[in-house]
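Contents: one structure, followed by commentary.
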Amino acid sequence: MIKRTSGRLGVFLLILTIGLVISLVAAAAIHRKVEERLRNDFDMYSSERAEAIMNTLGSDIDVLRSIGALYASSESVDRKEFHTFANILLGFNPEIFQFRRLERVKAGDKEEFERKISLDLGGAFTIKDNSSSGKMTGAGRRDEYYPVVYVEPDTTQGEELGLDASGIPERWECLKKARDTGEPVISRDLPVGAVEGVKRATRVFLPIYANGKPAGTVEERKAGIAGFAVMLFDMGHLVERALKNIVSRGVDVYLYDLSAPAGQKLQYCHLSRKRTSSEEPRYGEDQLDSPKGLFWRTDRAIANAKIAIVCRPNRAFYGKYDKLFPWLVFASGIGLTLIVSLYIEMLYRGKSIAIREVSRKNMELKTSEERYKGIVDSQSELVTRFLPDGTFTFVNKACVRFFGKSEEQLLGGKFMPFIVAADIPRVMALVGTLSPSKNDEILEIRVYDGDGVIRWLQLTFRAFFSEAGTLEDIQGVGRDITDRMRAEEAHRESERKYKAIIDNTADLIIMMRLDGIITFLSPACEKVTGYPPGALMGKSIFSICADDPVKVRQKFSECLESGDRADIEFRVLTGEGRTKWVSQSISAVTEGGKIVFVSSVVRDITARKELEDVTATRLRDMEKFTKYTIGREKDIIRLKEEVNAILTKAGEPEKYLKGTL
C-alpha cells in the first residue's frame, strides 16, 4: 500500500514538474512575442509620423520653389503679380503665413533703387537696419544690400519693408549659404513681428538668379544672384497639419533642429491626443539620446538643415497590449498540469473512467471535424485539396456549385480539364516552384464553370510536404474575380479610346500645375506651336507668349480664383520663330472642392485672324468707293436742275426729268 502511494506521488510530481517547465517556456515565448509586437507597432507608428512631417515640410519647400519658378519664367514680377500668386499659395498652405522678396542692391545703386521703390509704393522707402534697441535706422555702408521689397501679407504695416537682411548676422549666413549652393536654406526659429498666434517663425531662403538658373561655379553664382524669395511658416502648425489625419495611438513626437545651439534644439513637441490625464510630457534635449524604454529616432537633411524626429510612447500606448497575458498562460498551464495529474490519478482508480473519457474525447473530435467541414462548406470561396498530378481529394460545396458537378463526380477526377488550355503551363510552372521553404503562392487563371463559361479565379496555393521534403498534396482556395478582371479590361479599353481621341485631335491639349508649369502636352503640340512636346514639358505656359503675358496670367489667376472657365486669344512665338494667333480655353480641375491642376485647349486661329484682316480691308475700300460714286451722282442731278431752270426762264421746255440722271 505504501509502495503504491509512493508511486502515485512520484508520477504526480513528475507531471507537475514537466507542466511547470512547459508553462514557463510558453509564458516566456508569449512575453517575447508581446514585446516584439509592441516594438514593431511602435516603430511603424513612429515611421508613419516622421514621413508625414517630412512630406509636409518638403511640400512647403516646393511651394517656395514655385515662386522661384515664377521669377525664372518672367523678366520681371511686379507687386500685383507677387500679391496674386502668393495669396493663392497661402490659401492652400495654412501653416505658411508670409512670403517676402529680397532684392540685391549694389552700394552705387542704393539711392536710385530707393527712389524707384518709393515711386512704386507711393511713399518714402529707405534701406534700413534693425538696431540693438529694436528701432529701425538707416542701413550702414556696405558693398551690397538685400532689402525686403515685397511682403505678402504685410501684417507689420510696412515695418519690414526696406529691412536689409545682410545686416542681420544669422540671416546673412543663411543668405550666403543659399547663394553659394543654389539651393533653399532653412533657418532655425527666429522672432517674428506682430503675427497673430505665431511667436517664432521658421524661415526658408531660396536664391533667385539673374538668368533664372544657378550658374555652374560658386563665383558665378555670387556674381549672378538677383535676390531671394523667403517663406515664413510656423513649425508647430506644420507638424499639427501633417499629423491631423493620423490616428492617435499614444505616441508623442519631438522635432529638433540639430544645427541649433545647445538648449535651443527642440523646435516643437506634438503630444498624442490619446493620453492619460496624470501623465506629463517630457520636454528637453535629453530625448535626443536613447533613454530607458521604447525610443525611436530618425535624422533627416532638408534645405541644408539637419532635423531629428524623436518618438516616445506614453502610458496610453501600452493600453492595448495585455502584459498580464503571459502570466495568465503560465497560470493556465499550471492549472492544466493539475488537471492532467488528477486525470492520471483517475486512471489508477479504474479503467472504466478512462474508457469513458476517451470515448468523450473521440466524440468531441468527431464533432469538431463535422463543425470544421460545415464551416468549410459554408464558405463562398472554392476550397480544394489535390495531389501533385491534379487529382481532387477534397472539394467543398462551393466547388460543387461552381463546376456544376456532384462531389462524387469531382473526387478522384483531375483539376486540369477545368483550366483554359493557355493557362495550364502557368499552373504547372507554379507547382514546380513550390518547396518546403516556399509553400505559398497566388495565381490568377481562367477556368470553365459548370455552364462552360470562362471565368477568372484568384487561387491561393499552399503545398504540404513530408518530413523527407516530398510534395504530398496541395490545398487551393479560389475566389471568383471575373467582375474585377472585366472591370479592369473595360478601364484599359476606356483609357485606349481616350488616348486615341487626344492623340488624333487637331487642337492642343495642355495640363498645368497651379503655377502654370506644363505637365502634359498632346501630340498636336508641334503642329500648333512648332515645338515638339518634349521641348515645352516642365516649362511655364507664359514663356511662349509673343505678346505681353500679363493678360494671360490675369486670365489664369481669374480661373484659379473663381473656378470658372476662361477664354483668351493671343499670339505665341513658334519654334520656327514665327508668330501665330491662338485661342486658349482655360479650366480649373477640382477634386473634393480643391483645385488640383489646370487644363487648357489651344486652337490655331491664324487663318481666321488673317481672313478677318482681309475682310476689314475690303469693307474699308468698298465704303470709300460707295462714298465717291454717290457724291458724283448728286452733282450731276444738281447740274441738270440748273439747266432746266435756265430753259424755263427762256420760255423753253425742260430738257431733263427731275431727280434722274
Side-chain angles (χ1 to χ4, degrees), residues 37-64 89-98 186 188-189 192 195-204 231-258 260 264-277 279-288 290-291 293-303 305-321 591-594 596:
R37 181 190 170 196
L38 187 144
R39 162 54 68 182
N40 291 339
D41 285 356
F42 178 68
D43 290 348
M44 180 180 65
Y45 299 154
S46 300
S47 177
E48 179 184 30
R49 284 153 175 75
E51 291 304 320
I53 292 173
M54 294 307 299
N55 288 340
T56 304
L57 181 56
S59 174
D60 284 354
I61 292 178
D62 287 342
V63 168
L64 181 61
L89 298 178
L90 289 169
F92 289 117
N93 302 274
E95 67 277 4
I96 303 174
F97 59 85
Q98 196 174 82
I186 188 171
R188 64 185 182 86
D189 284 358
V192 71
V195 178
E196 184 178 356
V198 179
K199 295 182 179 179
R200 304 180 71 83
T202 299
R203 289 173 168 84
V204 184
M231 177 177 70
L232 284 76
F233 66 93
D234 183 86
M235 187 64 77
H237 289 174
L238 182 143
V239 173
E240 294 301 329
R241 178 193 170 199
L243 304 181
K244 179 180 179 181
N245 295 321
I246 295 180
V247 177
S248 176
R249 300 185 185 275
V251 178
D252 295 338
V253 182
Y254 300 81
L255 185 67
Y256 295 89
D257 181 359
L258 298 179
Q264 301 180 24
K265 296 182 183 297
L266 179 62
Q267 300 297 301
Y268 189 71
C269 175
H270 169 78
L271 302 181
S272 168
R273 295 182 293 276
K274 188 175 182 181
R275 167 180 294 281
T276 58
S277 59
E279 186 178 7
E280 293 297 328
R282 292 167 288 187
Y283 290 96
E285 295 181 7
D286 58 322
Q287 301 300 312
L288 276 170
S290 178
L294 282 177
F295 173 83
W296 188 91
R297 169 179 172 174
T298 181
D299 293 351
R300 303 291 181 91
I302 186 169
K306 294 181 179 179
I307 293 175
I309 299 175
V310 174
C311 294
R312 292 296 308 273
N314 55 52
R315 293 175 187 172
F317 172 78
Y318 298 96
K320 67 175 182 177
Y321 301 96
E591 288 184 6
K594 180 180 179 181
V596 292

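Using a 4.5 Å heavy-atom threshold, the side chains of P313 and W296 count as separate. Taking the side chain as every heavy atom from C-beta outward, Y45 and I246 never approach each other to under 4.5 Å. Between V251 and R312, the closest side-chain pair of non-hydrogen atoms is not below 4.5 Å. For the pair N93/E95, a side-chain contact is recorded, criterion being any heavy-atom separation below 4.5 Å from C-beta on. A 4.5 Å side-chain heavy-atom check between I53 and L243 finds at least one atom pair inside the cut-off. When side chains are defined from C-beta on, Y254 does not count as touching I309, because their heavy atoms never get closer than 4.5 Å. Residues D257 and K306 have side chains not in contact (no heavy-atom distance under 4.5 Å, counting atoms from C-beta outward).
Rounding to the nearest 0.5 Å places CG of D234 at 10.5 Å from CD of Q267. Between the CG atom in D60 and the CE atom in M235 there is a gap of 9.5 Å [rounded to 0.5 Å]. With values rounded to the nearest 0.5 angstrom, L294 atom CG is found 10.5 Å from D41 atom CG. Separating the CZ atom in F295 from the CZ atom in R39 is a distance of 9.5 Å, to the nearest 0.5 Å. Atom CE of M231 sits about 12.0 Å away from atom CZ of R203, to the nearest 0.5 Å.
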Evaluation steps, ring-ring contact (aromatic ring centres under 6.0 Å, His included), between F97 and F233: CA-CA 6 Å; F97 59 85; F233 66 93; 8.3 Å; no

Test log, rule side-chain contact (heavy atoms from CB on, under 4.5 Å), inputs Y256 and V310: CA-CA 8 Å; Y256 295 89; V310 174; 4.0 Å; yes

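Residue L271 comes nearest to C269 through the heavy atom pair CD2-SG, 3.4 Å, listed as atom of the first residue, atom of the second, then distance. Here the shortest heavy-atom pairing between S46 and C311 reads OG-CB, 3.2 Å.
Tested against V204, the residues I186, I302, L232, I96 include a single side chain to side chain contact (heavy atoms under 4.5 Å, CB included) partner, I186. Checking each of H270, M54, R249 against R49 for a side chain to side chain contact (heavy atoms under 4.5 Å, CB included) leaves exactly one that passes, namely R249.
Looking only at atom types and distance, the side chain of T298 has a donor-acceptor partner in the side chain of R300 under 3.5 Å away. Using a 3.5 Å distance cut-off with no hydrogens or angles, the side chains of Y268 and E240 do pair a donor with an acceptor.
With salt bridges taken as basic N to acidic carboxylate O contacts below 4.0 Å, one links D299 and R297.
With hydrogens and angles disregarded, no donor-acceptor distance shorter than 3.5 Å links the side chain of S47 to the backbone of D43.
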